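Beneath this line is the structure, given in structure tokens, with notes to follow.
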Amino acid sequence: MEAEYNHKNIEAKWQAEWENQGLYKIADMVEGKQNYLTLVEFTYPSGNLHVGHWYAFTVPDIFARYKRMQGFNSLYPMGFDAFGLPAENAAIKLGEDPKTWTYEHMNKMRTQLCSMGTMFDWSREVVSCNPDYYKWTQMMFAKFFENDLAYRSNTKVNWCPNDMTILANEQVIDGKCDRCGSVVEQKNQEQWMLRITKYADRLIGDLENLNWPDSIKEAQKNWIGRSEGSEIGFQLVSDLPPTPSQGRGEAPGYITTGSRLYKELYEKALEMRSNPTQAEEALWKELKSNKQGVHFRRQHIIQNFIVDFLCLSKNLIIEVDGDIHDLQKERDEERTKILESLGYTIIRFTNNEVIENVDNAVRNILEKIKELGDAKVLPLGEDLGEVSLADVKIFTTRADTLFGVTYAVLAPEHSLVQDLKEKISNWTEVEKYIFDTKNKSELDRQQNKEKTGVCLKGIFAVNPANNERVPVWVADYVLAGYGTGAVMAVPAHDERDFEFATKYNLPIKEVIEKPKYFPDSKPYTEYGIVKDSISWMDGLLSQDAKKEIVEELEGRGLAKEVKTYRLRDWGISRQRYWGVPIPIVYDPQGTAHAISAEHLPWLLPTDVDHKPDGTAPLARSKELFERTEKIFGKGWTPEVETMDTFVDSSWYFYRYLDPKNENEFCSKKKMKAWLPINLYMGGAEHTTMHLLYSRFWTKALHDLGMVNNTEEFTIRRNRGLILGPDGEKMSKSKGNVIDPDEIVERLGADTVRMYLAFMGPYGVTTNYPWDPNGVVGIRRFLERVWRFVAKNVSGKNNIDEPVWLSPAGRPEDPRKDSFLPETFNSRSIHKTIKKVTEDIENFKFNTAVSALMICLNDFEKSENISIEDIKVFLQLLAPFAPHMTEELWHTLGESKSVHLSTWPKYDESKIIDESFTVVVQINGKVRDEFIVGIDVGEEEVKNMALVREKVKKWLGGAEPKKIIYIKNKLVSIVV
RNA sequence: GCCGGAGUGGCGGAAUGGUAGACGCGCACGACUCAAAAUCGUGUUUCGCAAGGAGUGAGGGUUCGAGUCCCUCCUCCGGCACCA
């Protein structure tokens, strides 16, 4: 045995030897062994291994090796996610063919990966760009198509102008392309979609039983974004002049809007607001700066009343004198003129009446209406005999605020906007607004959140709860893709609506108490008292109120409870070359047909210039078109788009189980043997992408009868990143990149593996900085192990007889009690077995390494260590440092691989200490400690504590009130 | 803003409600050496000569006892975000 640890020789030697032996070739089934599948995400053949790869692959390898030694038939597979943009872009840059580039880099990376000393079973390698792999990707897509899980749709898509392709929502980060960072544009385009939304509920529900971190579960739920609410029908009406003779006539009560009068007054009010006096301006300012301004709110409500009550009747105007703010006075003359010319009566309340108590003011108003007797108010839509132009469904989770609606908003893309353009008097303005919004990039939308919108003049929406007529706006703060693309705006209870209403001077109406009226029931609103501080999204309104309102409207067919999702269907079309061709052909009429299994794989053509120009390169393939016509007939054309690579990675793990199968993507038998996957370790960046897609894929395959399970990833743990020594993300520009090849060359793969395991707990998303000194510390440890074995073992490696390394410590009969000699070290090794085993189970590789270090420290201090103990130690170290331990294992006379040996078991009786340190606390502070034997009883220990000098001193003669004894730990004395 | 997670020495990090700082790095001193490196040994939260005191982001609370449990707040990291 060499005196010095030479990692280069050892690692090269054993990697070759293992390869020779086929040590890591794992059978599908082994008699008497349970299968255990440890999965890590297969890798992109970027062409160069970085520290991140080492962290991702070598630490889970420790786990897989440990499981194997524990007696499991442990599989740890690897493959290449070989289609996709980076490879393609790199190839283009170098003027190469993506295929050549990819295969070259895969070869290079395979060699690099082998240098890690992992137990990857390369006989099961999966390469997503191989036709015998993507054949199955295509087959699955075709099945999805036939079962309405794949469809073509013209939607707004995220377009990356640099990569010249569509991106999925998941691939847009902060409005930028997640690959190249370009600002993503919005574009309308046809593309292939997968109906992941159909699985939204199951994707949420099935999270329940997965052993995944809560953070991932929450993130997925969040991403899917289910919210439960109601869809409520609002009628859209035009503003035809009123026809007083029609309608319900006698029903007394409160109405607000409707009729030409409303229109006139509403517009007048708007004008007032858009062209305010100084006093009004001051008020708006106050509103904007002090959202909870009571003073304002009061006044504001009054103002709303003014607007509303202005419209109370055909011949009655009720007005609150607002001269305290100089608001109304100024306008009085003008308004009175208009009103009187229309033949209205004006009733005026003094400002004091209102300001003192708004509630009373309201009541007074109502009283006065009653007194007048003939003040008749007609519900809109009925009395006017207006024709409904259209129904618009809005989505809300706050149906309880229905009585606070003061306007409605349609998304600019909403189809009704186009449908009603004849009725919209300011169409030019509206059209321009829509055009402008369309051209906003995703980034613009996200960064510039100043609300904008245009009123659809000539159209009103009718609130079904109270038949109130409210104006309709288009605004891009309402998203076309969410809910129904239309909302009811309740500025008093929604911050966004509030902001918008404030900007455009729209009324704000607060619903304070449970609303009590519908057109058919008690006809007034309880506005209640405005409290001093009410927040915007207050929780004042109960679930009951919500339920009541929705039920009432449901009864009239105007509402229904619905669930809506943030999740969009998955757009998989890519206008790029290096991907799976979508297996669809179009007949001469343009109807899409899935390509049947006999023609799969539907090969990626090679006769194209694949430089991206925004159109699909496959469209330029003569061969592809000829092939299509040849097989399907004249006039048939191929689909020219390729698939998102997340499709490839959605099912790759199935293929590991049956990589050579030509008839099925994976036999059911093999699935049954290996699935579900026991452990899936990977990067946090896949939380709402790969992990979600893949779960969907499995469920879809399951529903099509193609796989057994609905979830395949039993345990998932996300890992963090390895940062540069400066604590920053590694990047060339920062010059903090650690090159693993260089470190492996200098210190060895075992050192790097073990250092990565030692950095901190695995399976949490903490990022750890690479410490160049820290890694040397691990190297030192391995050298110490080497020297320790070399020093003690030379010439004494007879494995039949436990060898006592120090003659002085040799006992009479080393096998008296067990096959392991009874020594201090025996206890030490048993403790270490326990600790390392438990820590690996919990992915706490760092403390497992620490336990091994402590064990070696003990060994070095000790006089006599048996060969058996050393061997156990090597076994425990083997998953971490597979090469070195293999070498030493053989040095100790073993002929079979240490990695095939059985994980040692500890003996509980060997771990128990004979004595322990009792800590004495007095009033919670540690004052003394002493050692007692394991079998000393509670009373005795307490008494021993009480008579100790230090304890007496601290007690100062005081009588203990209470003495608490914790077995084998402490005595706590309370005075 | 919402949802997760985390705040412990100079650093990475340890601690079933029971001696805070295991293990490693770094640093200091010592041994070996002509010397250096390597290696080995000793020490290393902080204030204090000591006895002793303080100490796990801040402030409260529960407890004989809190890094750990509860409440309020602050900071950092990750995810989502005009989602009605």
Side-chain angles (χ1 to χ4, degrees), chain A residues 173-174 213-227 229-230 394-399 401 409 411 445-446 448-451 475-479 481-490 493-497 499-500 537 564-567 684-685 687-688 718 720-721 723 725 727 755 758-761 764-778 780-781 783-784 787 835 844 846-857 860 917-929 960-975:
Chain A
I173 312 292
D174 293 331
D214 286 342
S215 58
I216 310 185
K217 293 188 184 185
E218 284 303 317
Q220 290 207 348
K221 276 187 206 166
N222 216 316
W223 184 263
I224 295 167
R226 177 169 65 197
S227 78
S230 336
I394 61 94
F395 174 75
T396 180
T397 54
R398 294 293 308 273
T401 61
V409 192
R445 267 199 176 206
Q446 283 183 6
N448 189 3
K449 287 197 179 160
E450 164 100 27
K451 294 201 172 29
D476 67 357
Y477 83 91
V478 172
L479 308 173
Y482 186 76
T484 57
V487 302
M488 61 182 212
V490 189
H493 297 276
D494 182 284
E495 217 172 333
R496 295 153 300 177
D497 297 340
E499 199 187 307
F500 192 79
M537 294 300 286
T564 174
Y565 303 88
R566 203 194 76 97
L567 183 72
E685 69 275 18
T687 299
T688 52
N718 279 356
L721 300 173
L723 308 173
Y755 174 60
F758 186 60
M759 295 183 115
V764 293
T765 51
T766 313
N767 301 332
Y768 303 109
W770 178 275
D771 178 357
N773 289 318
V775 72
V776 171
I778 297 292
R780 280 207 280 260
F781 167 73
E783 282 175 3
R784 270 169 62 206
R787 279 200 301 271
K835 179 78 176 142
K844 293 177 73 175
N846 56 331
T847 46
V849 172
S850 150
L852 289 164
M853 289 170 167
I854 293 168
C855 186
L856 180 66
N857 290 346
E860 284 177 336
T917 305
V918 180
V919 171
V920 186
Q921 289 186 351
I922 295 169
N923 286 340
K925 290 210 186 280
V926 177
R927 294 306 185 192
D928 197 9
E929 60 179 50
K961 281 195 197 113
K962 201 167 156 189
I963 303 177
I964 293 149
Y965 174 71
I966 307 293
K967 195 164 183 280
N968 297 0
K969 285 242 167 72
L970 64 75
V971 173
S972 181
I973 302 168
V974 191
V975 226

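Only a predicted model underlies this, so the values are computations on that prediction, with no experimental measurement involved. Throughout, protein chains are lettered first and strands after them, A, B, ... in sequence-line order, and every chain is numbered starting at 1.
The same atom, C1', is picked in A36(B) and in A31(B); the two are 15 Å apart, to the nearest Å. The same atom, C1', is picked in C74(B) and in C23(B); the two are 32 Å apart, to the nearest Å. When the P atom is used for both A38(B) and G26(B), the distance is 9 Å, rounded to whole Å. G7(B) and A81(B) are spaced 26 Å apart, taking the C1' atom of each and rounding to whole Å. Atom P of U56(B) sits at a distance of 16 Å from the matching atom of C11(B), rounded to the whole Å. Nucleotides G67(B) and A6(B) place their C1' atoms 13 Å apart, quoted to the nearest Å. Comparing the P positions of C2(B) and U8(B) gives a spacing of 25 Å, expressed to the nearest Å. Of the C1' atoms belonging to G1(B) and C69(B), the separation is 29 Å, rounded to the nearest Å.
In this structure, Lys221(A) atom NZ and G78(B) atom P are separated by 23 Å, rounded to whole Å. Put simply, CG on Asn923(A) is 8 Å from P on G65(B), counting in whole angstrom units. If you take CD of Gln220(A) and C1' of G4(B), they are 13 Å apart, rounded to a whole angstrom. The separation between Leu721(A) atom CG and G78(B) atom P is 9 Å, rounded to whole Å. The distance between atom CD1 of Ile922(A) and atom C1' of C64(B), rounded to the nearest whole Å, is 12 Å. Atoms OH (Tyr768(A)) and C1' (A6(B)) sit 11 Å apart, rounded to a whole Å. Atom CG of Asn222(A) and atom C1' of G4(B) are 9 Å apart (whole Å). A straight line from CG of Asp214(A) to C1' of A6(B) spans 15 Å, rounded to a whole angstrom.
Across every non-hydrogen atom of Trp770(A) and Met759(A), the tightest pair is CA-CE, 3.8 Å. Summarising the geometry of Leu479(A) relative to Ala411(A), their closest heavy-atom pair is C-CB, 3.9 Å, with the distance given to 0.1 Å. The two residues Asp497(A) and Val490(A) have their closest heavy-atom pair at OD2-N, 2.9 Å. In terms of heavy atoms, Phe395(A) sits closest to Gly483(A) at CB-CA, 4.1 Å. For Gly485(A) against Val478(A), the heavy-atom pair with the smallest separation is O-CG1, 3.6 Å.
Contact of Lys962(A) with C64(B) (side chain to base): no donor-acceptor pair of N or O atoms is detected under 3.5 Å. A donor-acceptor contact under 3.5 Å is not formed by the side chain of Arg398(A) with the base of A84(B).
Ring-plane geometry between Phe500(A) and Tyr477(A) is classed as tilted, the angle between the planes lying from 30 to 60 degrees on a 0 to 90 degree scale.
Looking at heavy-atom distances under 4.0 Å, Lys925(A) makes contact with sugar-phosphate atoms alone, never a base. As judged by a 4.0 angstrom heavy-atom cut-off over every strand, Pro213(A) is placed among residues making no nucleic acid contact. Note on Lys844(A): only backbone sugar-phosphate atoms sit closer than 4.0 angstrom, heavy atoms only; bases stay farther off.
Taking the side chain of Ser215(A) as heavy atoms from C-beta on, and the options G4(B), U39(B), G13(B), the nearest nucleotide is G4(B). You'll find that the side chain of Arg787(A) is closest to U39(B), out of U39(B), C64(B), A84(B). For Trp223(A), whose side chain is taken as the heavy atoms from C-beta onward, the closest listed nucleotide among A84(B), C64(B), C80(B) is C80(B).
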Filtered N/O pairs between nucleotides 18-21 of chain B and protein, under 3.5 Å:
residue, atom, partner, partner atom, Å
G18(B), N2, Gln921(A), OE1, 2.9
U19(B), O2, Glu929(A), OE1, 3.4

Produce the list of close N/O pairs, under 3.5 Å, pairing protein atoms with atoms of nucleotides 22-26 of chain B; give distances to one decimal.
residue, atom, partner, partner atom, Å
C23(B), O4', Ser850(A), OG, 3.3
C25(B), OP1, Arg780(A), NE, 3.2
C25(B), OP1, Arg780(A), NH2, 2.9
C25(B), O2', Asp771(A), OD2, 3.3
G26(B), OP2, Arg780(A), NH2, 3.0

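G10(B): Watson-Crick or G-U partner is C25(B), with both key distances under 3.5 Å. Figure legend. C64(B) is base-paired to G18(B); pairs are counted as Watson-Crick or G-U wobble with both atom distances under 3.5 Å. Across all strands shown, the partner of C2(B) is G79(B), judged by Watson-Crick or G-U wobble contacts whose two distances both fall under 3.5 Å. Base pairing analysis places A31(B) opposite U39(B); the two distances defining the Watson-Crick or G-U wobble pair are each below 3.5 Å.
The phosphate of A84(B) (OP1 or OP2) has a side-chain N or O of Ser227(A) nearer than 4.0 angstrom. Distances shown here put a side-chain N or O of Arg566(A) below 4.0 Å from the OP1 or OP2 atom of A81(B). Within the 4.0 Å cut-off from OP1 or OP2 of C83(B), not a single side-chain nitrogen or oxygen of Arg226(A) is found. Dashed line: the shortest gap from a side-chain N or O of Tyr482(A) to OP1 or OP2 of A84(B) is under 4.0 Å.
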**OP:** Could you walk me through whether Asn222(A) and Gln220(A) pass side chain to side chain contact (heavy atoms under 4.5 Å, CB included), step by step?
**Re:** CA-CA 5 Å; Asn222(A) 216 316; Gln220(A) 290 207 348; over 6 Å; no
**OP:** Please report the C-alpha distance between Tyr755(A) and Asp771(A) in whole Å, then the side-chain angles of each, then the deciding distance to 0.1 Å, and finally whether the side chain to side chain contact (heavy atoms under 4.5 Å, CB included) criterion is met.
**Re:** CA-CA 9 Å; Tyr755(A) 174 60; Asp771(A) 178 357; 3.3 Å; yes
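Toward the 5′ end of RNA chain B lies the nearest nucleotide of Pro761(A), the other residue of the pair Pro761(A) and Glu499(A) mapping further downstream.
By the salt bridge (charged side-chain N to carboxylate O under 4.0 Å, His left out) test, Lys451(A) is found to be paired with Glu499(A), residues two or more places apart in sequence or in another chain being considered. Residues satisfying the side chain to side chain contact (heavy atoms under 4.5 Å, CB included) test with Val764(A), not counting sequence neighbours, are Pro761(A), Thr766(A), Tyr768(A). The side-chain hydrogen bond (donor to acceptor under 3.5 Å, both in side chains) test applied to Thr847(A) returns Asp839(A), not counting sequence neighbours.
Contacts classified as salt bridge (Lys or Arg N to Asp or Glu O under 4.0 Å) and involving residues 214-225 of chain A (residues at least two apart or in different chains) are given here: Glu218(A)-Lys221(A).
Taking 90° from 0 as the syn/anti boundary, the base of G9(B) is oriented syn.
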